[in-house]
Amino acid sequence: MWKSAEALLAVAVAGAVGLAVLPAGADPAAPAEPGTAAQKTGETGKLQQAVNVPAPGPAPASAPASAPASAPVIGLGRTALPEEIAAWNIDVRPDGEGLPAGAGSVRRGEDLFLQNCATCHGEFGEGAGRWPVLAGGRGTLQSDRPEKTIGSFWPYASTVFDYVRRAMPFGNNQSLTADDTYAIVAYLLNLNDLVPEDYVLSKDNFPKVELPNQPNFFDDDRETAEKAFWKNDPCMADCAGAVHVTARAQVLNVTPDADPPKGNLE
Amino acid sequence: MSTQNGSGSRGPEHASPGRAGSILSRRRFLAAAGMGAGAAAAGAGSAFGGAVAAAGPDPNIVPVPEWTKMLGAGVNANPYGKPSVFEKDVVRREVDWLTASHESSVSFTPLYALDGVITPNGLCFVRHHGGEAEIDPDKYRLMIHGMVDRPLVFTLEDIKRMPGRVNRAYFLECAANSGMEWRGAQLNGCQFTHGMIHNVFYTGVPLKTLLDMAGVNPKGKWVLAEGADAAVMTRSIPLEKAMQDCLVAFAMNGEALRPEQGYPVRLVVPGWEGNMWVKWLRRLKVGDQPWQQREETSKYTDLLADGRSRRFTFVMDAKSVVTSPSPQAPLKLKGPNVMSGIAWSGRGTIRRVDVSLDGGRNWTTARIEGPAMPMAMTRFYLDFDWSGQELMVQSRAMDDSGYVQPTKAELRAVRGTNSIYHNNGIQTWLVRGNGETENVEVG
């Protein structure tokens, strides 16, 4: 938060300048002017709720000379410091961008996994109870019970590193060092028969690790693969022959309130 | 809707003396209705009064009720108001066997008891991946960095002082809503089959405003949104969507975001799967490719029958469900009844909803009532007379893109049964002769 009255005043003044400038940049022809009736009846009679943003552009002539012409100066927020960005910038991409310096062996990873992870995921990544299974499952994706593990399903090894680094161990996350994280990921890759027992995973060799199911992912194609669902005018009468009940929830009876309210007609 | 008389397990425990009378009254009405569906349908409203009058005065009228004789509670007995004690069972519920922990789990909106289009804040379903973060608003920070001209840090006050604040109503549906129903009817109640959705009014500023302040590099194509909770939830969002209609929201339905909905700031990604609406939003990073995070690779991808998987299936397709009658809201009386339901589409505005009472053989267009806004929940009704016959109730939503909600069979023919996510197939409720209602599938 603001540290002093002077700082507050300075920001308030900057903000006031921004406020004075912006309305001049807003498009008066926009269908819903910001700050006024946001959702109103459009020409079609349907309610519209488009988001309208003042177009960024050169500051009007009346703007202070110090305002950069390339961006809307509102006078809010401040520059992020490099050490602040470093503290939160923990994401890792498949091409290795974001990987920290470090390395870890499969053997060290096994020790760490047993200490930190096995309670939920099992000693060999087989999963305990309803906690995620991390290893095995190859060849099950077309079965009635697909087992989606790192080796059988996940497309990128970088995701494993990223996720362990940001959110594991569950309940004590972001407690592992970079070397520890490399080691645990190395052990998980070994459990999935992707690297040998003597493997040492590091920032340098990480991008070379490929997961087998990666080629089987493709971008959303519903608009072509499911084009038939755009029917416009579906059938209204005599659309099917005799209709029968084919499955009932009562048979499984897994609803939390085991005794749902009954109808009152007797 | 919840009945004022309660029924079975849902009724208030501390029944007043008047309650027995009300059940009695209902029985008398049933007797009247039993004289014939036609007679009941012809004038059930007046028939009710007539039947009671013939048997003696209604004990809810004579003598004068307690609440009329005595003073009630003062104006500030509940400084933050609560629902009536008679509505105490209208709450979010969890399915214990579904997940391994309460911190990474989901609770469901009680759709069966709600009406209109706005979900009350306290009943909005909750999905956490690492529990509910409690963030002091004075300590809240939002960072924008990556492929931008000026990496920036904002406080909550900064966001609340930004020009161009907007109010928008949008549905938020978890991609896994109805995910337990892919293999067949499983959960008995629309709270559980469809309750991973809510619809509220958000107040906030367009994400574009913040990104423009930082100055996005022309090579920037994606935005990573990250939460500050113990899951540090992340999703990659196409820059085009981020600039189009996403919001950085700090209020819902007129008050500060609820903690379980991301207080003090969450991302709003209209029409797209709820997992992308990052709660406790702490960081936005611009990049030139997606980050392939856990929640967009191992989760929230749609495994098809052939073993391949669709990814980046962001849009929520048109969907609807009848909320009453439904297993938790059975039919109680013959004669006039109001069928009530909700419809929504991430591709636009709900144009029409059809309802079937015979399992999809014949359809009637329902009455859309209230605002039908793009990417927002829309309410529909069908006023109908019920003579006590068995019904197979379905609803079918259509949006202004021409998309028609598919049957479950049509959906399975394209995707198989392993998708988990994006199950928008037509729901069937079997209403029995006694009004009891069950989740079924038909064919």
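Naming convention: chains lettered A, B, ... in sequence-line order (proteins, then strands); numbering from 1 in each chain.
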Are any non-hydrogen side-chain atoms of [X] and [Y] less than 4.5 angstrom apart?
| X | Y | value |
| --- | --- | --- |
| Asn173(A) | Val232(B) | yes |
| Arg347(B) | Glu223(A) | yes |
| Cys239(A) | Arg361(B) | no |
| Pro234(A) | Met398(B) | yes |
| Arg351(B) | Asn232(A) | yes |
| Phe170(A) | Ser101(B) | yes |
| Val243(A) | Met392(B) | yes |
| Ile85(A) | Pro151(B) | yes |

Is the shortest distance from a Lys or Arg side-chain nitrogen in Arg310(B) or Asp221(A) to a carboxylate oxygen in the other one below 4.0 Å?
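Salt bridge present between Arg310(B) and Asp221(A).
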
Would Asp91(A) and Arg283(B) pass as an ion pair if we require N to O under 4.0 Å?
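So Asp91(A) pairs with Arg283(B) through a salt bridge.
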
Could you walk me through whether Asp95(A) and Gln289(B) pass the side chain to side chain contact (heavy atoms under 4.5 Å, CB included) check?
CA-CA 10 Å; Asp95(A) 62 4; Gln289(B) 55 180 273; 3.6 Å; yes

Side chain to side chain contact (heavy atoms under 4.5 Å, CB included) between Arg166(A) and Thr234(B), intermediate numbers included
CA-CA 10 Å; Arg166(A) 74 174 55 249; Thr234(B) 37; 3.2 Å; yes

Is it the side chain or the backbone of [X] that comes within 4.5 Å of chain A heavy atoms, both, or neither?
| X | value |
| --- | --- |
| Leu210(B) | neither |
| Arg432(B) | side chain |
| Leu152(B) | both |
| Ala305(B) | backbone |
| Phe314(B) | backbone |
| Thr365(B) | both |
| His422(B) | side chain |
| Val431(B) | neither |
| Leu207(B) | neither |
| Asp358(B) | backbone |
| Pro290(B) | backbone |
| Ser401(B) | both |

From [atom1] ([X]) to [atom2] ([Y]), nearest 0.5 Å:
| X | Y | atom1 | atom2 | answer |
| --- | --- | --- | --- | --- |
| Phe153(A) | Lys299(B) | CZ | NZ | 9.0 Å |
| Arg150(B) | Thr79(A) | CZ | OG1 | 8.5 Å |
| Thr364(B) | Met236(A) | OG1 | CE | 6.5 Å |
| Asp220(A) | Asp302(B) | CG | CG | 7.5 Å |
| Asp144(A) | Asn418(B) | CG | CG | 7.0 Å |

Looking at chain B, which one of [options] has the largest number of heavy-atom pairs inside 4.5 Å, strictly under?
| options | result |
| --- | --- |
| Gly129(A), Pro146(A), Ala242(A) | Pro146(A) |
| Ile150(A), Val160(A), Asn213(A), Ile90(A) | Ile90(A) |
| Arg222(A), Met168(A), Glu84(A) | Arg222(A) |
| Gln174(A), Gln142(A), Arg93(A) | Arg93(A) |

As a quick check of understanding, evaluate side chain to side chain contact (heavy atoms under 4.5 Å, CB included) for Arg130(A) and Thr99(B), giving each step before the final call.
CA-CA 6 Å; Arg130(A) 296 192 172 279; Thr99(B) 52; 5.9 Å; no

Which of [options] touches chain A most, by non-hydrogen pairs under 4.5 Å:
| options | answer |
| --- | --- |
| Leu142(B), Val315(B), Asp229(B) | Val315(B) |
| Arg415(B), Met180(B), Glu295(B), Glu296(B) | Arg415(B) |
| Val153(B), Val414(B), Asn362(B), Thr193(B) | Val153(B) |
| Gly443(B), Ala318(B), Gly307(B) | Gly443(B) |
| Glu103(B), Arg183(B), Glu94(B) | Arg183(B) |
| Ala230(B), Gly359(B), Ser356(B), Gly287(B) | Ala230(B) |

Cationic tip of Arg311(B) within the cone over Phe217(A)'s six-membered ring, i.e. under 6.0 Å and within 45° of the normal?
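Verdict for Phe217(A): no cation-pi partner in Arg311(B).
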
Is the cationic atom of Arg308(B) (NZ for Lys, CZ for Arg) positioned less than 6.0 Å from the six-membered ring centroid of Phe218(A) and within 45 degrees of its normal?
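The answer is yes; both the distance and angle limits are met.
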
Checking [X] against chain B: side chain, backbone, both or neither under 4.5 Å from a heavy atom?
| X | value |
| --- | --- |
| Lys231(A) | both |
| Trp154(A) | side chain |
| Phe229(A) | both |
| Ser143(A) | backbone |

Side chain to side chain contact (heavy atoms under 4.5 Å, CB included) for Cys235(A) and Trp363(B)? Distances and angles first, verdict last.
CA-CA 8 Å; Cys235(A) 174; Trp363(B) 296 87; 5.7 Å; no

